[in-house]
Amino acid sequence: MTNTLRLRKNLLSLLLFITLLSSSSVFAWDGYKDNGEQIEIETYDHEGKGEGPVEYYDSETGEYRTGYLDVYPGGSATLTDDETGEDIEVQMD
């Protein structure tokens, strides 16, 4: 195999890996509520829109909860708790 073909094969493999990695829309992150309490977003499927359902851990209550997260440019977001309907302002860590 020539160097050009080997390089092309490696570049295609890298491109495929990057594409698969970036297409995954489920991830987790840590942040803080506006009162300073930590919040951990455990699962977040933004469906390519920057918003979607989440499961999160609230260190203030010590509970895992579900809600809907709407993320804005710059790392801030509004989390609406499914059970209480409360809107919680959060900032990514």
Side-chain angles (χ1 to χ4, degrees):
M1 185 181 291
T2 67
N3 285 340
T4 304
L5 289 176
R6 192 172 319 159
L7 179 62
R8 184 176 286 169
K9 181 180 176 186
N10 288 340
L11 287 174
L12 286 174
S13 295
L14 180 61
L15 181 61
L16 177 61
F17 175 75
I18 290 171
T19 301
L20 290 174
L21 185 63
S22 65
S23 67
S24 175
S25 61
V26 176
F27 64 94
W29 55 269
D30 293 338
Y32 293 90
K33 299 191 305 186
D34 51 357
N35 68 0
E37 291 291 330
Q38 184 176 10
I39 190 164
E40 299 172 24
I41 305 298
E42 299 291 330
T43 59
Y44 170 46
D45 185 0
H46 60 77
E47 302 168 353
K49 300 180 289 185
E51 60 184 75
V54 296
E55 180 179 283
Y56 68 97
Y57 177 76
D58 186 345
S59 64
E60 184 177 12
T61 64
E63 296 178 334
Y64 284 91
R65 305 179 67 89
T66 59
Y68 192 85
L69 188 69
D70 192 0
V71 179
Y72 310 112
S76 63
T78 300
L79 172 62
T80 304
D81 184 275
D82 283 342
E83 189 176 314
T84 66
E86 175 186 13
D87 285 336
I88 304 164
E89 297 302 316
V90 296
Q91 184 69 36
M92 286 178 145
D93 191 15

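The structure presented is a predicted model; accordingly, all values stated were derived computationally and were not measured. Below, each value reflects all heavy atoms present in this structure, side chains not excepted, and no hydrogens, waters or symmetry copies. FYI, the numbering just counts along the sequence from 1.
Open room surrounds CD on E83; 12 or fewer heavy atoms of other groups in view lie less than 6.0 Å from it.
Taking every heavy atom of both residues into account, W29 and V90 meet most closely at CH2-CG2, 3.9 Å.
One N or O on the side chain of S59 and one on the backbone of Q38 form a donor-acceptor pair closer than 3.5 Å.
Using a cut-off of 4.0 Å between Lys/Arg side-chain N and Asp/Glu carboxylate O, E60 and K33 are scored as salt-bridged.
A distance of 7.5 Å separates OH in Y32 from CG in D30, rounded to the nearest 0.5 Å. With rounding to the nearest 0.5 Å, the separation of OG1 in T80 from CG in D70 is 8.0 Å. With values rounded to the nearest 0.5 angstrom, Y56 atom OH is found 10.0 Å from L69 atom CG. Note: I88 CD1 to D34 CG = 9.0 Å, rounded to the nearest 0.5 Å. For the atom pair CG of D58 and CD of E37, the computed distance is 7.5 Å after rounding to the nearest 0.5 Å. In this structure, the separation between CE on M92 and OG on S76 is 9.5 Å, given to the nearest 0.5 Å.
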List the steps and the verdict of side-chain contact (heavy atoms from CB on, under 4.5 Å) for L79 and D87.
-> CA-CA 6 Å; L79 172 62; D87 285 336; over 6 Å; no
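Counting heavy atoms from C-beta on, the side chains of Y64 and E42 come closer than 4.5 Å.
Looking only at atom types and distance, the side chain of Y72 has a donor-acceptor partner in the side chain of T78 under 3.5 Å away.
Considering D81, I39, D82 as possible partners of R65, the one that fulfils the side-chain contact (heavy atoms from CB on, under 4.5 Å) test is D81.
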